[in-house]
Engineer: 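Sharing a structure below in structure tokens format, with a few things to ask.
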Amino acid sequence: MTGRGYGVYRPVLPAVCPTDPDLMVYAGDAEGRCEIFTWDRATAVPRQVTDRPHGTLLSAIDGDAAVWWFDEDRRGQGHWRVQDFGGGPHTPAFPGAAPGRPRGLAMTDRGVVAAGLGDPEGLRVHLGRRGGPDTVVLRAGRHARLCDLAPRGDLLAVSGPAHSARAVTLAAPDGTTVATLSGATGRIWALGFSPGSADPLLLVMCERDGRYRLGTWRLPDGVELYPWCSFGTETTARWYPDGERILLRQDRHGRSRLFTADPARRTVTALPVPVGSVLDAAPRTGGDVHYIWTDAVTPPRTMSLSGARLPGQDGWRLPTFGRHQDLWTPGPDGPVHTLVTTPADRPQPCPLVFLVHGGPAGHDRDAYDPMVQSLVGSGFAVARVNYRGSTGYGPSWRAAYTEGVGHTQVADLVRVRAELLRRGIGREGAVGLCGTSWGGYLVLLALGTHPELWNSGVAVKPVADCATSFRHSTPALQALDTALFGGTPDQVPERYARASPATCAGSVRSPLLIVAARNDAKCPPEQIEVYLAALRAGSVRHELLWLDSGHDGYDGAEHVAVMERSLRFLGRSLAGSPARDTPAPDVPAPQ
């Protein structure tokens, strides 16, 4: 399930037991569903831990080699459960805890565990030991989540919106606030406590002067930025297990790079990883680094600098098609980067499909994408545009909403469309749009604001009415909308209305397929209904598919079914589309 949000899932590395690095737990494929597995390097034989009708994603492993996994319902509510590494019964991790949404999990070597759970009142942090009584030690706002617990269990780090006055809250185990870090003058993120420091030492990334700057926080000194370690595009970081060095992963222009920072020597060293995208990376004991790597023709695979044997190391054998190129289109805030894939065995121009990424704080990358391969294998050219607002191009690009929310991004799609047609990569009268989540939102907005330019549209689990979505969405997305629009729908209703696809739904003229989910907490069904009513009021013909799932599905069968429905729809509705019927590949969950 590595696709574009039909079952949104980005592979993550196996979690390693702190006391025995040969024992791991990971999310893998179980007959098309994402489930939790254990893996012992000595035997290299996986054991399936969970078996749930709709799949399981979140897992961890503690110092006693107990496997933790999150037992959630279709709306994301649930509990943490545990099982011994070798098997046995599943038991509640915190028997008395009320259900909630997962908002962070942190463990110490001393067996103390902090679990963040979200409920309608906000974040609550439970502190206790596996299987024993727990205490709700902290409550925070609806936008907060647990980042980490210091190694001695004496300090909690809680993250809020990175631009807010309470971007990071440091609290004692009794809930007393020790310090707050403000992001009001430059965004700041907490990245975890050093495992090798006697006193709590928190790794942070700060956005300052148009760059991402690494630093640390401790009492009583506060934040210390490292002037010798900064990057021009989005970068995250993790401590090595000894707490002496730091692993950095930078996303830059649709690709990734890894570095090691050494605070004692004030050096940054590039690590030898292939050109492409690193989806996750973690340092291991002894200086090794495990990472998940992919490029346009290689499905994600688990790798290590040392060559150590890991689950999922062999990758998958999936079809690849087409020629790949990068295109840069001039724009008002700088050139727009597009990843273009064209059929190798078809004369150009071809029917053209824009695959529009979600986010908006996301980006398309040099990575294997089953939807790209399915479209190109069917004779379509594919364009993936990293429009303004995308990550991987620096703070100024991410914050560039010159023409307003949504309209800025659509303007970039329009510019790239014109260039692709001018270059003969696509052809007039056969240009479609396909996107999921925020990408689906841009599909609907583009169809309504520029109906003459597009000949087909597929919107999967989209934002369809901005104000209604805000009122029924998650706290994190409400915080994002408040920042993007400069207020709530009650404070700036005209901005939400202007950006809303429902406002221009009556102008849609192209064939339109909408896929929505009944249990979607991020793009809720209530706002889909508002958009559908606007379509009906304008007598706009459309197709509709309702799914009985949430936004982030872990069921590969549903994922593939939506891909196939989308491919058939695009093939029928794009004039002169190829007749070849290439089914979507059988995409397993990540190993």
Engineer: Of all heavy-atom pairs between Thr294 and Tyr368, which one has the smallest distance, and what is that distance?
Structural biologist: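 Heavy-atom minimum between the residues: OG1-N, 3.1 Å.
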
Engineer: Is a salt bridge present between Arg130 and Asp64, judged by a nitrogen-to-oxygen distance below 4.0 Å?
Structural biologist: yes

Engineer: Answer yes or no on whether Arg518 is positioned over the face of Trp546, meaning its NZ or CZ is under 6.0 Å from the six-membered ring centre and within 45° of the axis.
Structural biologist: yes

Engineer: Is it true that Phe70 and His79 have ring centroids separated by less than 6.0 Å?
Structural biologist: no

Engineer: Do side-chain atoms of Arg33 reach the backbone of Arg52 as a donor and acceptor pair under 3.5 angstrom?
Structural biologist: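 Such a contact is found between Arg33 side chain and Arg52 backbone.
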
Engineer: Quick one: pull up CG in Asp62 and CH2 in Trp68 and give me the separation to the nearest 0.5 Å.
Structural biologist: 6.5 Å

Engineer: Report the relative orientation of the aromatic rings in His363 and Tyr393; use parallel for angles under 30°, tilted for 30 to 60°, perpendicular for over 60°.
Structural biologist: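 His363 vs Tyr393 ring planes: perpendicular.
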
Engineer: Measure up the Tyr26 and Phe37 rings against each other and bin them: parallel (under 30°), tilted (30 to 60°), perpendicular (over 60°).
Structural biologist: parallel

Engineer: Check whether any side-chain N or O of Tyr291 sits under 3.5 Å from a backbone N or O of Pro283 as a donor-acceptor pair, and report yes or no.
Structural biologist: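 Checked: no pair found.
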
Engineer: Can Ser473 and Gln478 be said to form a side-chain hydrogen bond (donor to acceptor under 3.5 Å, both in side chains), step by step?
Structural biologist: CA-CA 7 Å; Ser473 191; Gln478 288 175 340; over 6 Å; no

Engineer: I'd like to know whether Arg139 forms a salt bridge (charged side-chain N to carboxylate O under 4.0 Å, His left out) with Asp119, so could you lay out the CA-CA distance, the side-chain angles of the two residues, the decisive distance to 0.1 Å, and finally the verdict.
Structural biologist: CA-CA 10 Å; Arg139 283 195 171 272; Asp119 59 31; 3.5 Å; yes

Engineer: What verdict does the side-chain hydrogen bond (donor to acceptor under 3.5 Å, both in side chains) test give for Tyr212 and Thr236, after you've listed the backbone C-alpha separation in whole Å, the side-chain angles of each residue and the deciding distance to 0.1 Å?
Structural biologist: CA-CA 9 Å; Tyr212 295 90; Thr236 189; over 6 Å; no

Engineer: How far apart are the C-alpha atoms of Glu234 and Arg398, what are their side-chain angles, what is the distance that settles it, and do they pass the salt bridge (charged side-chain N to carboxylate O under 4.0 Å, His left out) test?
Structural biologist: CA-CA 10 Å; Glu234 283 78 358; Arg398 194 202 61 251; 3.8 Å; yes

